[in-house]
Asker: 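Take a look at the following structure, please.
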Amino acid sequence: MKARKMGETRIIQNDQVLINDLNNYHTLFGGVLMKKLDACATLSACSHARVKECVTASTDSVNFIEPIRQSDKVCIESFVTYTGKSSMEIFCKVIAEDMVTGERRIATTAFLTFVALDENKKPIEVPAIVAETEEEKFLYSTGEERAKIRKLKRQQNKDIVAHLSINKPWN
Ligand SMILES: CC(=O)SCCNC(=O)CCNC(=O)[C@H](O)C(C)(C)COP(=O)(O)OP(=O)(O)OC[C@H]1O[C@@H](n2cnc3c(N)ncnc32)[C@H](O)[C@@H]1OP(=O)(O)O
């Protein structure tokens with residue numbers, strides 16, 4: 001399977017901040033942004049795997065670094081930064097740009113893990129990824145460590161799930 005360049009998986013979405021997407025503090029709702037990240041990351045994953053279905057397996061912490069205001073333009077960038085057998089790590093970078101001053105700042109970052117599925121909804125192998133720019137090379141070189149932590153967290157979560165009740169809370 002031929003490796004794909006990170007740039008080929010890069011999705012860029014520019015957006016305005018709509019009034020209905022604001023919270024009580026007049027900044028963009030975190031949940032609204034998370035939905036946008038998931039949508040961009042899906043396109044990055046599918047561009048890499050070239051299959052019909054790529055599902056979100058997990059999301060690492062979403063880091064809300066700076067609030068996003070209504071006067072900002074929001075630019076979401078997502079691209080594949082690391083791959084396993086069937087899984088893909090997608091990095092999302094959100095830049096808020098003040099539309100009056102033009103000042104740009106990193107507002108949010110997140111890593112999401114997607115899994116490519118075949119026609120029978122089973123995990124299917126994905127191509128390797130090739131980093132080209134300095135930013136891409138840094139993200140790739142630190143990917144193995146993040147993958148290890150994720151594996152550990154998955155196991156921890158399995159232990160938690162094994163202890164969860166599925167009884168109706170009111171019984
Ligand atoms: C775009 C959307 O909105 S999709 C909707 C939300 N997402 C979903 O509904 C997905 C629901 N979950 C699932 O279908 C399954 O749990 C799957 C497909 C994610 C994993 O299926 P499993 O049968 O557990 O597959 P398996 O154990 O073989 O793991 C497949 C790969 O996923 C990775 N993986 C599975 N769960 C996780 C997780 N929580 N975090 C990170 N990676 C994970 C595995 O490490 C493995 O990677 P590799 O192939 O690169 O080694």
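We count ligands from 1, going down the list as the structure has it; atoms in each ligand are counted the same way.
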Asker: Could you check whether atom 25 (O) of ligand 1 has a protein contact, counting only heavy atoms that fall below 4.0 angstrom?
Answerer: yes
Asker: Enumerate the atoms of ligand 1 whose separation from the nearest heavy atom of Thr42 is less than 4.0 angstrom.
Answerer: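 Checking each atom against Thr42, I get 1 (C).
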Asker: Looking only at protein heavy atoms, identify the closest one to atom 43 (C) of ligand 1 and say how far it is in Å.
Answerer: Ala57 CB, 3.9 Å
Asker: Evaluating non-hydrogen atoms only, which member of Val55, Val126, Asp38 is closest to atom 3 (O) of ligand 1?
Answerer: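 Minimum heavy-atom distance to atom 3 (O) of ligand 1 goes to Asp38.
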Asker: If you take all heavy atoms of Ala49 and Pro127, which pair is closest and at what distance?
Answerer: CA-CD, 4.3 Å
Asker: So between Lys153, Gln155, Arg154, Lys158, whose heavy atom ends up nearest atom 45 (O) of ligand 1?
Answerer: Arg154
Asker: Please identify which atoms of ligand 1 are closer than 4.0 Å to at least one heavy atom of Gly84.
Answerer: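 Near Gly84, meaning under 4.0 Å from one of its heavy atoms, ligand 1 has 50 (O).
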Asker: Number the atoms of ligand 1 from 1 as they appear, then name those within less than 4.0 Å of a heavy atom of Ser58, with their elements.
Answerer: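 Ligand 1 atoms under the 4.0 Å threshold to Ser58: 38 (C), 39 (N), 40 (N), 41 (C).
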Asker: Would a search of protein heavy atoms around atom 12 (N) of ligand 1 find one under 4.0 Å away?
Answerer: no
Asker: Answer yes or no: does atom CG of Asp159 have more than 12 heavy-atom neighbours from other residues, nucleotides or ligands under 6.0 Å?
Answerer: yes
Asker: Are any of the protein's heavy atoms under 4.0 angstrom from atom 17 (C) of ligand 1, yes or no?
Answerer: no
Asker: Ignoring angles and geometry beyond distance, decide whether Ser86 reaches within less than 3.5 Å of ligand 1 through its nitrogen or oxygen atoms.
Answerer: yes
Asker: Among Leu43, Thr56, Ile124, Leu112, whose heavy atom sits nearest atom 10 (C) of ligand 1?
Answerer: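 Result: the heavy atom closest to atom 10 (C) of ligand 1 is in Thr56.
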Asker: Using distance alone, with no hydrogens and no angle criterion, decide if Asp38 and Thr56 have a side-chain donor and acceptor under 3.5 Å apart.
Answerer: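 Yes - a donor-acceptor pair under 3.5 Å links their side chains.
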Asker: Nearest 0.5 Å, please: how far is CG in Leu43 from OG1 in Thr9?
Answerer: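 If we round to the nearest 0.5 Å, Thr9:OG1 and Leu43:CG are 11.0 Å apart.
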Asker: Which of the numbered atoms in ligand 1 are below 4.0 angstrom from a heavy atom of Ser87?
Answerer: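 Counting atoms of ligand 1 from 1, those under 4.0 Å from Ser87 are 47 (O), 48 (P), 49 (O), 50 (O).
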Asker: Name the closest protein heavy atom to atom 42 (N) of ligand 1, giving the residue it belongs to and the distance to 0.1 Å.
Answerer: Thr113 CG2, 3.6 Å
Asker: Are Ile90 and Val115 co-members of a hydrophobic cluster defined by side-chain heavy atoms under 4.5 Å apart?
Answerer: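 No; Ile90 is not reachable from Val115 via cluster members.
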Asker: Check whether any protein heavy atom sits under 4.0 Å from atom 20 (C) of ligand 1.
Answerer: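 Within 4.0 Å: no protein heavy atom nearby.
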Asker: Where do Val17 and Gln70 come nearest, in terms of heavy atoms and distance?
Answerer: O-CG, 3.4 Å
Asker: Could you check atom 28 (O) of ligand 1 against the protein and tell me its nearest heavy-atom contact, residue, atom and distance included?
Answerer: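 For atom 28 (O) of ligand 1, the nearest protein heavy atom is Pro123 CG, 4.1 Å.
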Asker: Quick test of your reading of the model: are Asp15 and Lys73 salt-bridged, counting only N-O distances below 4.0 Å?
Answerer: no
Asker: With side chains defined as the heavy atoms from C-beta onward, is the minimum distance between Ile124 and Val51 less than 4.5 Å?
Answerer: yes
Asker: Does any N or O in the side chain of Glu145 come within less than 3.5 Å of the main-chain N or O of Thr142, such that one atom is a donor and the other an acceptor?
Answerer: no
Asker: Would you kindly specify which portion of Val115 sits under 4.0 Å from ligand 1, judged on non-hydrogen atoms: side chain, backbone, both or neither?
Answerer: side chain
Asker: Which atoms form the tightest heavy-atom contact between Thr42 and Cys54, and what is the distance?
Answerer: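 Taking Thr42 first and Cys54 second, the nearest heavy atoms are CG2-O, 4.3 Å.
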Asker: Any ring pair (Phe, Tyr, Trp, His ring centres under 6.0 Å) pairs touching residues 107-166, not counting sequence neighbours?
Answerer: Tyr82-Tyr140, Phe91-Phe111
Asker: Less than 4.0 Å between atom 31 (C) of ligand 1 and some protein heavy atom, yes or no?
Answerer: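 Yes.
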